[in-house]
Amino acid sequence: MRIILYELKKIFQLKMVCLLFIISFIFYQLFINFYFEHFPNGRPALDLYRISMEMIEQYGYQMNQEEFEHFKKVYEKEKAAADAYLQARQEYVEAGLDTYEKFRTADTEKQEIGELVDQIIFVDQVDLFWELQARETLIEYYENRDSLFSIVDHPLTAEQKERIKDTIASGNIMSAEVFENYNNLIRYVAILIIISIMFMISPIFLQDRRNHVVFLQYSNKTGRKIFNLKLQTAFIAAGFITTMQLGLFFLLYRGNKVGMFLDSNINSVFTHEVFWFELTFFQYILLTIVSIYLLTFTLTIIVAVLSNRAPNYISIVGFQVPLAILLFAVVIDYLVVRITKIGLPIYFLPSAYVLLILIGSFVYFWSVKKEKKVDLLH
Amino acid sequence: MLVVNHVSKSYGKFEALKDINLEFSNGVYGLLAPNGAGKTTLIKMLTTLIFPSSGEILYNGTNITRLGEKYREQLGYLPQEFGYYKNYSPKQFLAYIGALKGMDKKVVNKKIDELLKLVALEDVATKKMKKFSGGMIQRVGIAQAMLNDPKILILDEPTAGLDPKERVRFRNLLSELARDRIVILSTHIVSDVESIANEIIMIKDKQVLYKGSIDEICKVIAGMVYETSIPYEQAAMFKKEVFSLSEKQEDGLLKIRFISKKTPEPTWTAVKPNLEDVFLYVYRDDIQESSAI
Amino acid sequence: MNVWRFELKKAFQSPVVSILIMLFLFFNFWLIYNHAGIREELKVTNQLVERFGYKIDAEMSAKLQAYYQSKLQKMNELTRKKFGKTYERAGDFFSEYEYRSEVLSEEELHVITETAIVEGYYELIQEVDQKYSHLDLSKKAKADINKYGLSGKTAEVTREYYKKLNNRLDELIEAGEHKNLFFIGYVYRMHSFLFKDLMRQMIFEVMILVVLITGHVTTYEFQNQTHLTSYASKRGRKLMLDKLVANLLATLCISSVILGATLLVYFLVFDYSGLWGIPISSFFNNEFPFPYISWWKLPFGIYLSCVLVVFIICQLFFTVITYSIAVWIKNNYLVYAAFALLFGLCLLVPGIVPNTSSAIFWTRYTPFELILNPHLWFIGWNVFFPKNYIWMTSVIWTCLLAIVTVVTFLKFNKEQID
């Protein structure tokens with residue numbers, strides 16, 4: 001344990017920790033902040049988000065046909081209010097835009113009409129009109145819920161059909177904005193975590209080799225056990241980094257005010273997403289977290305073993321370039337974002353997990369075994 | 001008792017050591033060989049950094065690989081390229097090594113203070129090693145090797161970077177330590193071992209050539225070492241006839257120390273051979289070997 | 001004394017460099033392969049240019065029309081025979097296409113496709129004048145000001161910018177620069193593919209290699225404990241100069257390998273014969289409602305060369321930046337991190353500058369910002385791509401880096417090496 005503490009101290013050198021802070025700060029500014037500052041991203045996203053909340057307040061987490069009728073009635077009422085709004089304004093009546101229906105279908109190519117429409121929508125940003133648009137979208141989603149059957153490209157299997165049918169029947173209410181926003185965020189957070197771990201763990205063995213301290217380490221009582229201990233140190237460090245990054249992220253994510261949706265079922269006609277399991281948004285978040293941990297632990301072993309074999313820094317960084325490309329461009333999309341979606345086979349995620357654990361353990365045991373026998377020359 | 005039993009080491013087709021047999025009991029052993037003769041290979045095997053291709057190394061009758069940490073617990077080692085962390089102070093670094101040696105924290109701290117005093121580094125105990133001189137670093141290395149009070153102390157080129165005063169101190173220290181432990185000193189600086197080693201091991205052509213006390217080894221060339229003074233003009237001719245050990249200028253003449261198997265001439269003075277003579281003679285170049293003596 | 005030769009060797013001795021080069025080339029070829037499906041269709045353009053030239057004028061237009069009519073007639077003969085049906089437009093056939101594909105042979109389908117493409121050219125040519133006369137850049141200025149939330153001084157700059165661009169547009173229309181055939185941008189997006197997808201990918205690939213190598217070579221002596229001997233040799237600290245030369249040479253090598261191999265394959269796959277002289281501002285090159293307006297008349301061949309020159313200049317900048325960092329830091333792992341940080345910072349700054357400050361314009365004059373949009377180099381796209389953008393960035397950074405390098409040398413010459 002004492003050795004692990006010493007090794008941890010070596011990983012978390014002040015210099016490296018400061019650099020990690022700056023890297024994270026810049027990364028947040030460039031990629032992550034946007035999804036905090038611009039959530040919901042403009043209009044009608046804001047209105048869709050608001051109305052989704054209102055729906056949950058009124059109908060609970062599911063909406064049945066009866067409640068949908070009520071929802072439509074509210075729409076009609078608001079439409080009447082919009083009519084009144086237009087009729088109260090001379091210039092709109094004169095331009096022939098005296099009802100919302102006409103306003104909606106107006107030919108905005110014509111300059112004067114275009115300007116009148118812009119005035120309400122973009123200049124005054126009248127909530128009522130934006131809200132109406134959002135309600136229309138939601139009603140459309142609900143009415144066209146059969147289009148869920150086309151979310152998978154290839155012909156549907158019986159199980160997929162079943163899941164989609166269930167989802168359509170459920171009437172689950174979930175905000176597409178919230179879900180999309182979270183997926184975007186967690187993707188970048190996962191990337192940041194991967195970068196952090198690569199950056200912090202890469203020197204773990206290489207440093208001692210370049211310093212020739214490894215000769216002392218292997219000839220001391222602890223001997224080659226230190227290899228194993230350092231791998232464990234790498235795990236602890238990676239776990240710590242991941243936890244801190246996730247902690248910081250979720251602390252900031254609270255600012256997005258999605259608490260209400262945590263109990264929403266993510267299989268919903270309103271998000272246009274279907275998953276293999278009946279997950280609430282909160283459970284989905286937990287699942288992504290588990291995935292990130294599994295991913296980072298496997299990555300940690302790979303990076304540490306690379307560090308033990310690479311002769312110099314150009315190699316350790318160079319060999320991680322393809323690894324990073326693979327992770328960012330492919331793996332995160334399959335193992336972190338939208339996991340358990342029905343586009344992939346139901347057993348994909350569990351087998352991916354098993355594979356990750358297998359790869360990780362294989363590399364771990366192989367390298368420990370190999371290190372026991374290796375001749376230490378330089 | 002440390003026994004090296006028919007040990008060979010090869011890397012692919014290249015053979016670094018061939019059938020080495022050695023026995024170590026308490027005392028100072030001088031491992032003497034020119035660079036590249038396999039000294040470091042032997043030492044790395046004794047420290048479990050590399051493994052014999054065949055044969056075995058036994059400590060008190062058990063293979064050291066099998067003993068594992070029980071063996072290394074008894075081991076103190078100063079590598080040729082002593083590695084350290086530039087940003088650590090000697091104290092921090094020794095504490096780290098203490099942890100690697102599996103020592104109790106309190107014991108380590110006490111021992112560190114003791115050792116730093118012994119190697120005269122107590123003033124800089126908490127200064128970063130970044131700014132240390134080579135000799136200071138070497139002394140940290142010596143301290144770390146002795147940290148666990150080892151039963152076997154293996155030192156690879158330990159005196160590199162030490163000044164004459166430090167060297168003397170270090171030699172005395174070793175002599176004292178060697179009373180109840182094995183000290184193996186690898187070096188190619190003959191004077192280092194000459195004064196303290198009980199036994200000398202010479203390696204040549206991947207094998208142990210001689211093993212014995214200094215006197216025993218010097219017997220190899222007993223009665224063959226002479227000194228004489230000759231004019232410079234004759235030097236070239238003369239050196240073709242004998243194996244020159246050292247030359248220096250004296251009173252306009254060349255005073256030469258050499259080895260010859262011929263019957264001595266009257267101007268030659270027989271002298272007592274020393275270890276350096278043996279070293280030079282044993283490791284002489286092939287060309288000289290064929291022409292001289 | 002060719003010390004730099006030995007330094008150059010250090011750059012390429014690490015196997016990771018060659019492995020990465022192979023991998024990157026594979027990525028590039030893969031990208032080209034994925035896009036190669038349209039290569040047969042693109043050949044129609046070459047045929048048209050061969051037949052009528054690429055300049056669009058009344059005469060050419062008439063000839064093209066006649067050619068199109070004959071093609072359409074041939075196609076209708078075919079369809080009448082096959083389906084007992086004729087079409088007014090080849091395009092109409094394709095709205096029903098799905099159900100008929102099995103009946104047609106490869107060759108017959110080819111006839112129809114070709115007709116459709118010629119038809120596309122013919123119909124688009126009719127639209128050219130109308131499209132360009134409808135362009136209102138002052139509207140675009142307003143839209144930009146809105147979009148980026150500009151006001152005051154920066155809004156004024158934007159209006160000025162579009163006035164300038166408008167002048168260039170008038171000049172371009174006057175000269176008929178837009179009236180040239182090219183691959184249909186709306187359909188095939190060849191400009192984006194070559195200059196955005198492929199070129200940007202290559203910029204990043206070469207940048208990664210260049211940074212890795214430069215960091216490695218520059219810190220080599222310190223990393224291998226040979227610094228005491230090498231910097232005390234006769235060449236002494238001038239060795240750092242050799243390292244700079246070697247790094248720059250390595251950059252040129254890497255750039256030419258990646259660019260050479262990739263572009264060779266690109267132009268083997270996609271036939272540009274007969275199109276090298278067509279201005280990049282051609283109407284047919286447009287991919288979006290807003291056209292590509294190059295600030296100067298740049299035929300495709302010249303444009304490509306200019307882009308390549310800027311490409312290499314940027315890579316040389318990255319070399320010198322990495323080099324300067326490396327001389328100061330001496331640990332190449334941290335050098336890589338520092339370069340990444342600098343990259344991030346340079347992208348970050350323009351984003352946090354207030355929209356009312358003209359700093360939002362000049363903070364973008366960095367090679368890091370520049371390489372993000374290689375498809376808009378030399379083109380007036382929006383207020384952030386002014387006429388002087390490329391050469392100003394090049395000149396400013398050349399001066400800046402020259403100063404940095406000199407300071408770095410002075411510092412290194414006085415440095416205590418231990």
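We use all heavy atoms of the structure for the numbers below, so side chains are in, but hydrogens, waters and symmetry mates are not. A, B, ... follow the sequence lines: proteins, then strands. Residue 1 opens every chain.
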Do the side chains of Glu69(B) and Lys225(A) get close enough for a salt bridge, i.e. N-O under 4.0 angstrom?
yes
May I ask you to say whether Arg181(B) pairs ionically with Asp149(B), meaning some side-chain N is under 4.0 Å from a carboxylate O?
yes
Portion of [X] that has a non-hydrogen atom of chain A nearer than 4.5 angstrom:
X: Lys9(B); result: side chain
X: Gln144(B); result: side chain
X: Ala95(B); result: both

Chain B contacts, top residue of Val213(A), Thr222(A), Leu229(A), Asn220(A) (heavy-atom pairs, under 4.5 Å):
Asn220(A)
With respect to chain B, which residue among Arg224(A), Glu7(A), Lys221(A) yields the maximal number of heavy-atom pairs within a distance under 4.5 Å?
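Looking at each of Arg224(A), Glu7(A), Lys221(A) in turn, Lys221(A) comes out on top.
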State yes or no: are the ring centers of [X] and [Y] separated by less than 6.0 Å?
X: Tyr71(B); Y: Tyr59(B); result: yes
X: Tyr84(B); Y: Phe132(B); result: no
X: Phe12(A); Y: Phe240(A); result: yes

Of all of Phe93(B), Tyr88(B), Tyr96(B), Phe82(B), which one pairs up most often with chain A through heavy atoms under 4.5 Å apart?
Tyr96(B)
Heavy-atom pairs under 4.5 Å with chain A - which of Thr47(B), Leu100(B), Asn148(B) has more of them than the others?
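Most heavy-atom pairs under 4.5 Å with chain A: Leu100(B).
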Please say whether more than 12 non-hydrogen atoms of neighbouring residues, nucleotides or ligands are located less than 6.0 Å from CZ in Phe34(A).
yes
